[in-house]
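Working notes, beginning with the structure itself.
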Amino acid sequence: MDHFQYTDGELCAEAVPIRHIADDVGTPFYCYSTATLERHYRVFAEAVGGLDATICYAVKANSNLAVIATLARLGSGADVVSGGELKRALVAGVPASKIVFSGVGKTASEMAAALKAGVMQVNVESVPELETLSGVASMLGIDADVAIRVNPDVDALTHEKIATGKSENKFGIDWESVPGVYRLAAGLEGIRVAGVAVHIGSQILDLAPFREAYERVAELVGTLKADGHAIETLDLGGGLGIPYEDERPPSPKEYGEMVTSVVGGLGCRVILEPGRMIAGNAGILVTRVINVKQGANHPFVIVDAAMNDLVRPSLYNAHHAIVPVAEPPAGADLKEVEVVGPICETGDTFGKPRPLPEIQAGDLLAIRTAGAYGAVMASAYNTRPLVPEIMVSEGDFAVVRDRITVDDMLAREGLPGWLAEGREARPGAGD
Ligand code: LLP
């Protein structure tokens with residue numbers, strides 16, 4: 001459930017008409033609902049309430065400070081994958097004691113920042129990384145609490161670009177090597193073996209792969225304990241899918257029950273890293289129609305948002321529902337149109353043609369379920385600056401990231417000395 005609904009003929013975010021925000025900040029912009037974020041966090045927390053669980057929101061899904069702070073106020077921790085995300089989580093008010101530092105390639109300076117901040121746990125993904133962490137921790141005189149991310153070789157049955165739990169993927173330690181890596185870790189200075197971590201992918205729509213991975217991990221915990229390791233934490237990652245179109249993902253309750261039944265008896269503290277499930281339906285991308293062009297097969301609705309603002313449709317062929325901000329009259333005629341951006345690539349489309357009521361230049365459209373992996377994946381391709389992010393709470397809204405201007409972008413560039421004004425081209429150059 002989300003809080004973007006039609007009221008009195010127009011789409012609102014909670015009690016704020018989207019049109020008002022568009023008049024105020026211009027388009028395109030991302031708009032997030034506090035009530036939806038809070039609701040999703042609470043539903044998830046309740047679903048895993050029977051476990052000794054820490055929820056570490058996966059900041060990569062939406063790392064706006066206001067989003068992280070909204071969740072931190074409800075008690076959420078954070079899963080971070082870079083020095084930048086670590087800083088965001090701390091600035092947004094997440095206590096370091098609830099931050100997990102994950103990621104397949106951490107630099108020594110990122111590790112040092114995490115250890116100095118006092119993060120709860122570092123999830124290590126390779127032997128060289130373990131050795132670097134040992135060096136960094138010893139130099140700082142700190143013992144790093146470490147979980148080894150294992151690769152359970154399980155097919156998450158999701159888009160190939162976001163499946164991470166198969167042996168051919170770059171993630172985690174391959175299954176056969178796991179016991180040896182734990183033995184190595186236990187002997188390294190500055191390393192305190194604390195747990196096991198696993199994450200098999202994202203937008204997972206079936207409980208079976210989760211169950212299979214968690215059962216493998218549960219068995220592994222027994223083996224590791226028998227080898228003398230104190231396994232206190234189990235980080236089960238994120239990945240629970242959400243409906244974009246007509247998918248029927250498992251409910252958080254079903255997921256929570258399955259997790260409880262598989263690992264509840266192991267006596268470990270459980271860490272969960274939901275991202276999409278919390279933020280996905282809490283955001284929309286609002287765009288204005290530049291014009292409508294007749295194509296050979298169907299009309300193209302050309303809007304002022306593009307693949308640089310929301311790359312999911314072009315990168316993963318992802319479906320995002322598109323709705324007019326002005327509520328169409330009941331029984332309005334629908335026409336198949338393709339909503340596309342202005343970027344010079346055929347891939348700059350928001351998806352296959354779909355039925356929309358009569359659309360005209362100047363109309364506002366909302367691209368739904370854009371709260372996760374939307375703004376965070378944006379680029380400035382075609383010199384299209386990053387768009388603003390707006391947060392709504394009941395009848396209030398606030399700009400939580402300003403629109404970046406082209407001048408801001410140009411101010412960061414400069415000409416090298418040899419291109420400075422007044423200098424001639426090298427003799428012969430361009431011949
Ligand atoms: N934990 C780890 C270690 C992860 O790598 C991820 C996501 C999560 C948690 C959160 O997963 P979630 O609950 O959000 O599924 N850009 C892609 C998704 C990439 C997911 C990367 N890792 C997309 O737009 O679909």
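Ligands are counted one by one from 1 in listed order, and the atoms in each one are counted from 1 as well.
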**Asked** What's the verdict on side-chain contact (heavy atoms from CB on, under 4.5 Å) for Met120 and Cys56, showing C-alpha distance, side-chain angles and the deciding distance?
**Response** CA-CA 11 Å; Met120 167 167 64; Cys56 292; 3.8 Å; yes
Distances for all N or O pairs of ligand 1 and the protein under 3.5 Å?
from	atom 1	to	atom 2	distance (Å)
ligand 1	1 (N)	Asp79	OD2	3.4
ligand 1	1 (N)	Glu273	OE1	2.5
ligand 1	5 (O)	Lys60	NZ	3.4
ligand 1	13 (O)	Gly239	N	2.8
ligand 1	13 (O)	Gly275	N	2.9
ligand 1	14 (O)	Arg276	N	2.8
ligand 1	14 (O)	Tyr373	OH	2.6
ligand 1	15 (O)	Ser202	OG	2.4
ligand 1	15 (O)	Gly239	N	3.3
ligand 1	16 (N)	Tyr316	OH	2.8
ligand 1	24 (O)	Arg312	NE	2.6
ligand 1	25 (O)	Arg276	NH1	3.2
ligand 1	25 (O)	Arg276	NH2	2.8
ligand 1	25 (O)	Arg312	NE	3.4
ligand 1	25 (O)	Arg312	NH2	2.9

**Request:** Verify salt bridge (Lys or Arg N to Asp or Glu O under 4.0 Å) between Lys352 and Glu338, making sure each step is shown before the conclusion.
**Result:** CA-CA 6 Å; Lys352 294 191 296 280; Glu338 184 175 345; over 6 Å; no
**Message:** Between His319 and Tyr244, is the ring centroid distance below 6.0 Å?
**Reply:** no
**Request:** State whether Arg384 and Asp309 are salt-bridged, where the test is any N-O pair (Lys NZ or Arg NE/NH1/NH2 against Asp/Glu carboxylate O) under 4.0 Å.
**Result:** yes
**Item:** Lys/Arg N to Asp/Glu carboxylate O, Asp2 vs Arg368, below 4.0 Å
**Value:** yes
**Request:** Could you point out which residue of Ile55, Leu236, Asn123 forms a side chain to side chain contact (heavy atoms under 4.5 Å, CB included) with Glu273?
**Result:** Asn123
